[in-house]
Every structure is written in structure tokens, then in C-alpha cells.
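Comments concern the structure below.
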Amino acid sequence: MAPSPAARARRATRIRRGATVLAGVAVLSAAAVPAALADASPSAPSSGAAPGLYGSADPKFDGVFRQSLAFLAQHATGVTPARPAIDWLAGQQCADGGFPGFRADTAKPCDTAKDEFPDQTAAAVQALAAVGGRGEQVEKGLAWLKGHQNGDGGWGMTPGAESNANSTAAAVGAFAAAGQDPAKVRSKDGKSPYDALLTFQLGCDAPEGDRGAFAWAPQKGKLNADNFASAAATTAALGKGYLVEPAGKENKPVRPLTCSEGDGGDKAKPKDAPAAAEAAAAYLAKKLDAGRGHLEASMPGAPKGPDFGTTADAVTALAAGGHREAAGKTLDWLKSADSKTMAWADGDNGKGDPGRLAKLVLAARAAGADPRDFGGTDLVEKLNATGPAPESVAKSDEEKKDDKDSSSGNWWFVAVAFVAAVGVGFLFSNRRKKQR
């Protein structure tokens, strides 16, 4: 495998350091070797003196959500966000435990009738559970979600609104992230979130190309296949949230919903959550193949063209189900220059959209790829640059290997320098003796 651009740059740095060591021998200064061997890499990022939000775009609608996704992506790649940034997210929480999309003045009490949302609350809970040290906020958020669970077991866009697949999926991820079994989160009617999710899945009575898909919610009593809902519900049906552990080496083939002649209605739907996830994964894989690697927006009124965010979500969903090959094919499309994915990830202002970058980081990691070499782009570095400097940044496996190689190389240079210095020292000593 050819080395990544980042690896080539680090190797070039080691060569430059070595050349500096050898050049230092010629001056025969006792300080020359230590100075030449000093680490020329930039110092660690500061702990983030300026508190605040990730991204520079208007946070009115997505402040909490993009901050949450950024934290999850950073946690997945060994980055500890700056404490003030974590304080910012925790400070957005309302007194009763719910989260808004964004509130500029946290000193003012929330209007619980219109400020709090299940999706934002679920995302923030997942993020705060990942960064750690915020158990009280996590518990309050979960209690708020539990208190606003609908009778069918799901959640809507706002408290009390009709349940939909995406809000329900987000809540599943919140309970799972906190170590709770979503199947045991029961409504007053005894329904679990999975009970709600299964009602949104299309069965054998749907057109062949839509079987196994999820609808966002019934529209006039009808379920319409929706890519965004299908990706979210596939991951949630497996009991997972936005952060999915990397896929193993084993590849699980996708298996479409099996329908026989005469099947129709609810009787031809998957019977449980794992089966629902498998059928939905097959739907996504088929759609991705038809789109040559990407999904089109399926929400009414959405512009034509690739839906990068949902395509990234589909990679995560397929990887969550162990469908490594299907996930990898789509990730390859996202990484390709032709896809123009990075132009999308840079956002409207070109400075980097933290929510979009985070989705790509999470998708790449779930599929077993390196987010630090995404078609030559270091997604983690770009994401970190959209907010306060992280508290700490863990080195990648490749960087650790390079450090080990560099350490061995540096000792070799030290030995060369020492021998050369000793030899020149003897030369001068002999000359002085002859002069006497």
C-alpha cells in the first residue's frame, strides 16, 4: 500500500532532521547534537482559552446538534475537546433536562413549550456520555426523553408530536450510549422504541425497490420509502447511535426482505429489530448501487443531486450491520475527488462545517478506514480547526509507528555524530601534539 500524504510528510521531516544532525557534526559544538535532535514538530494545541461553539455559521437551528456530532467524532479519534467547549454544550441544557437547537442567552429560562427537542436532546446526551464527566447532565437528558416518550414507544420532532423514525432512532442512540438497553425503555402503554420503529418499515406490499426501507412517518396513512429515515433506523434497530465501532474484517452479505407470492400487509414485515435492520441495509445497498455509490435526497422538495450527509449515514449503518464491503464501496465514492464531498464538507463559508465533517469522520471510522487520510484530507485536523483547540490529540497508529522509526533513526544519527566528533577530536589532538 502506498504511504499516505501525511506519512510521506512525516518521513520527509525525519530526513530533514537527520540531515541537520549530520551537518551539526562539522561545527564540533558540544551543543550541536542535542540541538539538532530537538523535536521540530509543532507544540501541542492549547487547552482552548476561548470557550465556544464549533463552526462559524449561524447556530440558530443546529448549534447543539453540530457541537454534539463534533464531540462524538473527536472522541472516536482520540481527541479530547477543550473543556470550555464541553461547558458550552452542557450549558445549553434546560433546567428540566431537555436541549434546544440553540439558545444565545443561557441565563434566561427555557420556554419548555417550544425550546426543547428530542433530536437535539438525544444528540447532546450521546456526546456528553462520550466525553465523560457529565453524568448529571446525561441522566437529566435521559429522564427528559423518558418523560416525553409517546405511547407507541417512539418520539416526535417536538414533545408530544407524532413519532417519526429519525427522532426515535436518535433517542435509541442516547440510551445505548449511556449503557441502557433501549428495549427496556417502555412507554406508559408498554411499548419500546423498537416497537415504534417497526411500524415505519415498508414490507412486501410495497413496490419491490422500496421493500425493507423505512418511512420518516406515515403520510396520510401511507408509508413512503425515505433514505434519511432508512439510514438512521437501520443503525438504531441494531441498538446503536451515531458513534459506531469500526467494522471487523469479516464481511456480512446483505440480504433483502424475502417475499413470497401473496405476501402483503403487516404479515410480510420483519418480525424483530435485527431482521428489520438487515432488510433496511439491503434496501440501502441496492439504492447505493443504483446511484453508483451515493444516495439522492428523498425528502419532498429537496434539491436534486447527491445527498452527502445521508450517504455518510448509510456507510455508518451498513458498517454497523457488518456489511463491510457495501460500506467500503460507498466510502470510496465519498473519498473520490469526483464526488466533490470535501466541497460539501467545507460548508457554505468554505471554513469547514463541523457537523458535516463529523459525519464523514464517523462514517470512515465505522467502515474501518482512517479519517486522517480521507482521500488525502485529514478530516480530524479540519474538524478540530472549527472549534477551540482540543485539550489533547492522541496520535494515530501510523504516527506511533513513525515515532518509533524516527526514534531508532535518531539513535543511528547520534552514533554517527559521536563517532565523527570523536574522530575529529583525535585529529585535533594529534595536531596539537605535533605542534608541541
Side-chain angles (χ1 to χ4, degrees), residues 117-119 122 150-158 160-173 191 193-238 254-259 262-273 275-318 320-321 326 330:
F117 302 95
D119 294 75
N150 290 334
D152 64 0
W155 286 264
M157 286 186 66
T158 57
E162 181 184 20
S163 297
N164 68 73
N166 290 81
S167 299
T168 302
V172 167
K191 299 289 187 179
Y194 299 129
D195 291 324
L197 279 179
L198 291 176
T199 66
F200 304 130
Q201 189 164 36
L202 283 71
C204 291
D205 56 337
E208 185 176 353
D210 292 342
R211 292 172 183 171
F214 279 86
W216 183 77
Q219 303 293 322
K220 296 181 180 180
K222 182 182 178 183
L223 296 176
N224 298 308
D226 183 89
N227 296 335
F228 183 43
S230 296
T234 299
T235 307
L238 293 166
V254 293
R255 292 177 180 163
L257 179 64
T258 302
C259 298
D263 280 343
D266 291 338
K267 294 181 180 179
K269 287 187 176 183
K271 300 296 188 294
D272 55 28
E278 188 171 81
Y283 163 81
L284 289 171
K286 186 174 182 179
K287 281 289 183 181
L288 288 164
D289 283 342
R292 297 183 180 180
H294 69 273
L295 295 172
E296 297 280 333
S298 56
M299 291 290 285
K304 296 288 186 181
D307 186 337
F308 295 100
T310 301
T311 300
D313 291 343
V315 171
T316 301
L318 290 167
T330 300

Next on the checklist: Does atom OH (Y194) have a neighbourhood of more than 12 heavy atoms from anything else shown, all under 6.0 Å?
Outcome noted: yes
Checklist entry - Distance-only, no hydrogens or angles: does the T168 side chain make a donor-acceptor pair with backbone N or O of W155 under 3.5 Å? => result yes
Checklist entry - Sequence neighbours excluded, which residues qualify as side chain to side chain contact (heavy atoms under 4.5 Å, CB included) partners of D307? => result A297, T310
Would you be so kind as to tabulate the donor-acceptor pairs closer than 3.5 Å made by side chains of residues 195-202, with sequence neighbours excluded?
from: D195; atom 1: OD2; to: S192; atom 2: N; distance (Å): 2.8
from: D195; atom 1: OD2; to: S192; atom 2: OG; distance (Å): 3.4
from: T199; atom 1: OG1; to: A196; atom 2: O; distance (Å): 2.5
from: Q201; atom 1: NE2; to: G212; atom 2: O; distance (Å): 2.9
from: Q201; atom 1: NE2; to: A276; atom 2: O; distance (Å): 3.0

Checklist entry - Looking at L223 and A215, what are the two nearest heavy atoms and their distance? => result CD2-CB, 3.8 Å
Checklist entry - Quick one: does P218's side chain get under 4.5 Å of E162's, heavy atoms only? => result yes
Checklist entry - So, for A236 and V172, which heavy atoms are closest and what is the spacing to 0.1 Å? => result O-CG1, 3.5 Å
Checklist entry - Roughly how far, to the nearest 0.5 Å, is NZ of K269 from CG of L257? => result 10.5 Å
Next on the checklist: Checking the side chain of D226 only, and the main-chain atoms of F214 only, is there a donor and an acceptor separated by less than 3.5 Å?
Outcome noted: no
Checklist entry - Which pairs count as salt bridge (Lys or Arg N to Asp or Glu O under 4.0 Å) when at least one residue sits in residues 286-297, sequence neighbours excluded? => result D289-K329
Item to check | Any residue meeting side chain to side chain contact (heavy atoms under 4.5 Å, CB included) with T330, in chain and number order, not counting sequence neighbours | outcome: L288, T311, V315
Next on the checklist: Suppose we screen for side chain to side chain donor-acceptor pair (under 3.5 Å). Which residues come up paired with D152, at least two apart in sequence or across chains?
Outcome noted: S163
Item to check | Listed partners of F308 passing ring-ring contact (aromatic ring centres under 6.0 Å, His included), at least two apart | outcome: W333, W344
Item to check | Closest heavy-atom pair and its distance - A231, L284 | outcome: CA-CD1, 3.9 Å
Checklist outcome for this item: All heavy atoms of L238 vs all of A317, minimum pair found to be CD1-O, 4.5 Å
Checklist entry - What pair of heavy atoms forms the shortest contact from A169 to A232, and how long is it? => result CB-O, 3.6 Å
Checklist entry - What pairs with D313 under salt bridge (Lys or Arg N to Asp or Glu O under 4.0 Å), at least two apart in sequence or on another chain? => result K359
Checklist entry - Shortest non-hydrogen contact from N166 to W216? => result OD1-CD1, 2.9 Å
